[in-house]
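Working notes, beginning with the structure itself.
The chains referred to below are lettered A, B, ... by the order of the sequence lines, with proteins before strands, and numbering in each begins at 1.
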Amino acid sequence: MAKDFTMLDIRYIRENLEEAENRLKLRGPGISLAGFRELDDKKRALLQETENLKALRNRVSDEISRVKDKSQVQVQIAEMREVSQRIKNLDDELKGVDEALELFLLTVPNLPSNEAPKGASEADNLEVRRWGKIPEFSFQPKPHWEIGESLDILDFERGVKLTGARFTLYKAAGARLERALINFMLDLHTTEHNYIEMLPPFMVNRESMTATGQLPKFEDDLFRMEGVDYFLIPTAEVPVTNIHRGEILKSSQLPIAYTAYTPCFRREAGSYGKDTRGLIRQHQFNKVELVKFAHPSQSMNELEKLLDNAEQVLRLLELPYRVVDLCTGDIGFSACRTFDIEVWLPGQTTYREISSCSCFGDFQARRGGIKFKEDEKSKAEFVHTLNGSGLAVGRTVVAILENCQQEDGSVTIPKALRPYMGGLEKIAAPK
RNA sequence: GGAGAGAUGGCCGAGUAGGUCGAAGGCGCUCGCCUGCUAAGCGAGUAUACUGGGAAACCGGUAUCAAGGGUUCGAAUCCCUUUCUCUCCGCCA
């Protein structure tokens, strides 16, 4: 009862059960609030009963304290002993119901925004815009794994030797390219877009994972430490959003914008057959993340700005992309609205996700207790949280290798990135 | 890893032979008064969550002195466990 990780506003659900359920159904079948009413009623009934008994006990105990000769209040003391036992039993029962209710609420996803396109799957996502010219090649463009190997900058075999499937060793200009992109992105966001750089821990505790929504439902997707209850972060979203967990911010501070580079660790459970070649789906990859804490009235504006900040990376790198508005059936657990940025990959003649920019409404703020006050006197309200990749670094390497490949096998470095590559203009095959 | 000390409201800081302590006092903050401005001064107010009633203003109840459990009619105060912080030793980038 002390801590409240409730996902949706419990009062909203209580009072608008049908509406909430209908909105959740837009996410797909199998999401239901059945059972909520019963648990909630049970909880409140128990709460009433035990609180009444506690009020009685408090009153009588107070009376006892005023009597000097305790032999005169032996009856009351005996009665209260019984009352205390009943309270204990009720509290135990209440605890059980409360935990069940909390777990239930923690596993219900956020309500999708009414503005999100309605649909059942990826196929119903809405393309919003395209940018850049898709390159035409006078030769057959190669997939990035072939380019990486022939340039001797990506070593997939040794990555497997060192660790296992879905781990890759970067080498020479490949390692430098990854590092250059990280610095390029961080510099852009901090100096041009006014984000504050953070370098957070790469493991977090259970509370942090619960606040952003990875737990309790998606533990199988995470790497967990042996011996301590810590998890490797699947995205910088987790530590960075949790920076202000349990805090009350001032309205004048908002919006707060942070950017952070971190590696990301994902089990990728259930994606065994997918993207088995190359850098697309790794257990460890680098990402520069953008995170915002916004006033509720500004969160959608802030999402657009954040999205534009992420797109700017691709524009500066001259990589063609498109923006997709995710439909209600494709939006992630914690989000209410999401735009994906997909970069063009000539090796696969398709657009692939390179960034996902979401608004979470007060979903994460509620789970993590992140609030703000309009002014000194007003009541604290939940902030809105947002985040997006700005960008996934490994996939950016993929996009550069595939889009900038030349007939002679070399890869031209985008102009904006050259200062970060020591002036290098292209990566050429070793002799 | 070993030894010890500690954790109280936005902050500082009282409170340990259990009851009148949601918790003194100070600072900060808010509102009012006062002063020609500033400062000082005076007065009042100043936690959160859940829950019951009410259209609401608001009124009532419960809980919260790191967290969880125990003893007791009653715990900030006693006991146990955990977490975190600090000091010393060891180890280490």
Can you find a side chain N or O atom of [X] that sits less than 4.0 Å from OP1 or OP2 on [N]?
| X | N | result |
| --- | --- | --- |
| A:R11 | B:U51 | yes |
| A:K88 | B:G70 | yes |
| A:K379 | B:U46 | no |
| A:N58 | B:A63 | yes |
| A:S84 | B:G74 | yes |
| A:R44 | B:U51 | no |
| A:R57 | B:U62 | no |

Whole-Å distance between [N] [atom2] and [X] [atom1]?
| X | N | atom1 | atom2 | value |
| --- | --- | --- | --- | --- |
| A:E82 | B:C73 | CD | P | 12 Å |
| A:K43 | B:G52 | NZ | C1' | 14 Å |
| A:I87 | B:A75 | CD1 | P | 10 Å |
| A:E51 | B:G61 | CD | P | 11 Å |
| A:D98 | B:G68 | CG | P | 12 Å |
| A:D40 | B:U51 | CG | C1' | 11 Å |
| A:D69 | B:C73 | CG | P | 17 Å |

Sugar-phosphate only, base, or nothing, as touched by A:R14 at under 4.0 Å among non-hydrogen atoms: sugar-phosphate
Pairs satisfying ring-ring contact (aromatic ring centres under 6.0 Å, His included), at least one member in residues 213-243 of chain A, at least two apart: A:F218-A:F333, A:F223-A:H283
Whether over 12 other heavy atoms sit under 6.0 Å from A:R315 CZ: yes
Side chain A:Q48 and base B:G52 donor-acceptor under 3.5 Å: no
Taking NZ, NE, NH1 and NH2 as the nitrogens, is one of them in [X] or [Y] under 4.0 Å from a carboxylate oxygen of the other?
| X | Y | result |
| --- | --- | --- |
| A:D229 | A:R206 | yes |
| A:K274 | A:E268 | no |
| A:K88 | A:D92 | yes |

Polar contact flag, side-chain donor to acceptor under 3.5 angstrom, A:H295-A:E302: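 No.
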A:S299 and A:H384 side chains, donor-acceptor separation under 3.5 Å: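 Result is yes, a qualifying pair exists.
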5'-most by nearest nucleotide on RNA chain B - A:R59 or A:K373: A:K373
5'-most by nearest nucleotide on RNA chain B - A:M80 or A:R66: A:R66
Of the listed nucleotides B:U51, B:G61, B:C73, the one nearest the side chain of A:L47: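 In terms of side-chain proximity for A:L47, the closest of B:U51, B:G61, B:C73 is B:U51.
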Side chain of A:K54 - closest among B:C73, B:A63, B:G69: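 Output: B:A63.
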Given the [atom1] atoms of [N] and [M], what is the spacing between them in whole Å?
| N | M | atom1 | result |
| --- | --- | --- | --- |
| B:A47 | B:U30 | C1' | 15 Å |
| B:U71 | B:A56 | P | 42 Å |
| B:U48 | B:G22 | C1' | 11 Å |
| B:U20 | B:G41 | C1' | 34 Å |
| B:C86 | B:G32 | P | 43 Å |
| B:C12 | B:A67 | C1' | 24 Å |
| B:G25 | B:C42 | P | 15 Å |
| B:G68 | B:U77 | P | 13 Å |

Dot-bracket summary - RNA chain B, pairs being Watson-Crick or G-U whose distances fall under 3.5 Å, with | when paired to another strand: ((((((((.[[[..)...(.....]]]((((((.......))))))(((((((....))))))).[[[[[..)....]]]]])))))))....
Nearest-0.5 Å distance, CG of residue A:N16 to CD1 of residue A:I13: 9.5 Å
For A:H244, all residues meeting ring-ring contact (aromatic ring centres under 6.0 Å, His included), sequence neighbours excluded: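 Once residues adjacent in sequence are excluded, the partners of A:H244 under the ring-ring contact (aromatic ring centres under 6.0 Å, His included) criterion are A:Y258, A:F293.
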